[in-house]
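Shown next, in structure tokens, is the structure this report addresses.
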There are 2 protein chains.
Amino acid sequence: MTGEKSLDKSGGVALWRRVADDIRLDINGGKFIDGGKLPTEGELAARFDVNRHTVRRALAVLEEEGIVRAEQGRGRFVHAARRLSYPIGRRTRFSAGLAGQASDVHGEILEYRIEPAPLPISKALGLTPATRVLRMESLSFADGRPLTRATTWTGPASRFTSLADDFRELGSMTASLHRAGVTDYTRQETRISARYAESSESHQMGLAPGAVLLVGTYVNRDQDGVPFQYTMTRFAADRVELVVSAE
Amino acid sequence: MTGEKSLDKSGGVALWRRVADDIRLDINGGKFIDGGKLPTEGELAARFDVNRHTVRRALAVLEEEGIVRAEQGRGRFVHAARRLSYPIGRRTRFSAGLAGQASDVHGEILEYRIEPAPLPISKALGLTPATRVLRMESLSFADGRPLTRATTWTGPASRFTSLADDFRELGSMTASLHRAGVTDYTRQETRISARYAESSESHQMGLAPGAVLLVGTYVNRDQDGVPFQYTMTRFAADRVELVVSAE
DNA sequence: CATAATTTGTTCGTATGTATC
DNA sequence: CGATACATACGAACAAATTAT
């Protein structure tokens, strides 16, 4: 047996929430076979040293998320969703990277606007401050589930007048960029951090409040080495892992 | 201005905790200049639409963490700790990667044990199941603050009998491996995920309960291409970001 | 088939923590 | 600093569905 799982004093997070997070970690970490049976409420209550009600509340969360299914008199059963592997590299393309892992992959624009570039963006793209750029807020889905929430600054705006419309029409960033004369693009480096989701983000991605996000930021350069796009992509950490491959 | 910051119904996380997390995100995200003045309690209460007591409790947490400093009658001031950049690549070496960012970098072994390799480990290292390997639990520090918490399986054990002792003596994994005949090593790929810290992890790393961890897992191969080491490293997400560079 | 044991589902009550005013 | 309303956590008891004997 794995032994006791003791949880110490709160820190502002409810006990049922910590129990739910812990069980979810075990499920996603493969400690229960998919389709297998979860320990009973009583066993879990004993293991975490909490009341059965607290365990039930935690399990209710996981049922709402669809990773646990309860059957009266029989027990609870695991329905683990496989985590997708998202490749990070010099020539990463969104849909190509997920090929073979999900059958339906598509994107959706939430909002787009032409506006002066914020200072860090204009600096990263080598533009004079306040040059106008296209900011796009978008969601991507894999098999119907939200996978990423991205903010993309593309500029200067004069070079990418129809990018948003093209993306809406074609559903592919690579194809839309091609229309704007970007025949090829690469990224120099990707910075990866992690943090809690803000409430708007968890709402848009259908995540529990305070879910964990992987955040990747990078600059794309065109075939001539000119930086033209700054992207911040938030990944739902319980649905995807990032894979860095040496080339 | 960004407008209202509305926080929706709890989800098991106390309001003061969500306000604290939100302000910390803003500080770490660079929305307040280091050394600059934070909005007054009243302004923050209005912005988050909460009671002033709630803001005070949130700020008390941030003061305890040392990223906010209160001064009687003047206000509160930001003391943002710069996030370290940890390079991820084929030839990553721990201390070398942080050179120039932190003056004091060192490691510490919490525990080590020779034991049969768990199935995923033996598989990744190409060993027959249950071959004995050396498991090491370690912490690393940068400028006195815990930065990573790693679990390393090195095997087969017969090849690395004195690795733990050497590491304790030399304080360097690269140097210790050299003694065991590993003159050079590289990693093929790194998988990056993120999750909440378990209570033992947040305790060992001196983090708030439920803090966010970046988790990197990778396999190292020696100069002959033989996999000999499987590592899982947990990074405190608010102290470090990972940087993937194209080579 | 009958009954007991197991497991989830529900309803009380009580004490404490959280958040506002 | 209280007074108030609501969420959180525990404990005990019982009902309903399923499985084992």
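Every heavy atom of this structure was used, including side-chain atoms; hydrogens, water molecules and symmetry mates were not. To find a chain, count down the sequence lines: A is the first, B the second, and so on, and within it residues start at 1.
- Remark: C:dC12 base-pairs with D:dG11. Criterion, Watson-Crick or G-U wobble with two distances under 3.5 Å.
- Nucleic acid contact class of A:Arg56 (heavy atoms, under 4.0 Å, all strands): base.
- Residue A:Thr40 has no polar side-chain atom (N or O) positioned under 4.0 Å from OP1 or OP2 of C:dT6.
- Proximity of A:Thr54 to the phosphate of D:dT8: no side-chain N or O atom is located under 4.0 Å from OP1 or OP2.
- Distance, B:Leu15 CG to C:dC21 P: 12 Å, rounded to whole Å.
- A:Arg135 and A:Thr152 form no side-chain donor-acceptor contact under 3.5 Å, judged by distance and modelled atom types alone.
- Taking the six-membered ring for Trp and thresholds of 30 and 60 degrees, A:His106 and A:Phe141 have nearly parallel ring planes, at less than 30 degrees apart.
- A straight line from CZ of A:Phe48 to P of D:dT8 spans 18 Å, rounded to a whole angstrom.
- Residue A:Arg17 contributes atom CZ, which lies 16 Å from atom P of C:dT18 at whole-angstrom precision.
- Of the N and O atoms on the side chains of A:Thr148 and A:Ser140, at least one donor lies less than 3.5 Å from an acceptor on the other residue.
- Distances shown here put every side-chain N or O of A:Asn51 at or beyond 4.0 Å from the OP1 or OP2 atom of D:dA9.
- Among the nucleotides C:dT7, C:dT18, C:dG9, the one closest to any side-chain atom of A:Arg76 is C:dG9.
- Judged by atom type and distance alone, A:His53 reaches the base of C:dT11 through a side-chain donor-acceptor pair under 3.5 Å.
- For the side-chain hydrogen bond (donor to acceptor under 3.5 Å, both in side chains) criterion with A:Glu63, the lone passing option out of A:Arg76, A:His79, A:Arg69 is A:Arg76.
- Atom CD in A:Glu41 sits about 15 Å away from atom C1' in D:dA12, given to the nearest Å.
- Here the CD-CZ distance, from B:Glu108 to B:Phe167, works out to 9.5 Å after rounding to the nearest 0.5 Å.
- Remark: A:Arg74 is not in phosphate contact with D:dA17, judged by side-chain N or O atoms under 4.0 Å from OP1 or OP2.
- The listed nucleotides are C:dT20, D:dT8, C:dT8; the one nearest the side chain of A:Arg57 is D:dT8.
- If A:Arg52 and A:Glu71 are placed on DNA chain D by their nearest nucleotide, the residue sitting closer to the 5' end is A:Arg52.
- For B:Trp16, the side-chain atoms get nearest to C:dT18 when compared with the rest of D:dA9, C:dG9, C:dT18.
- A:Arg69 places its CZ atom 18 Å from the P atom of D:dA17, with the value rounded to the nearest Å.
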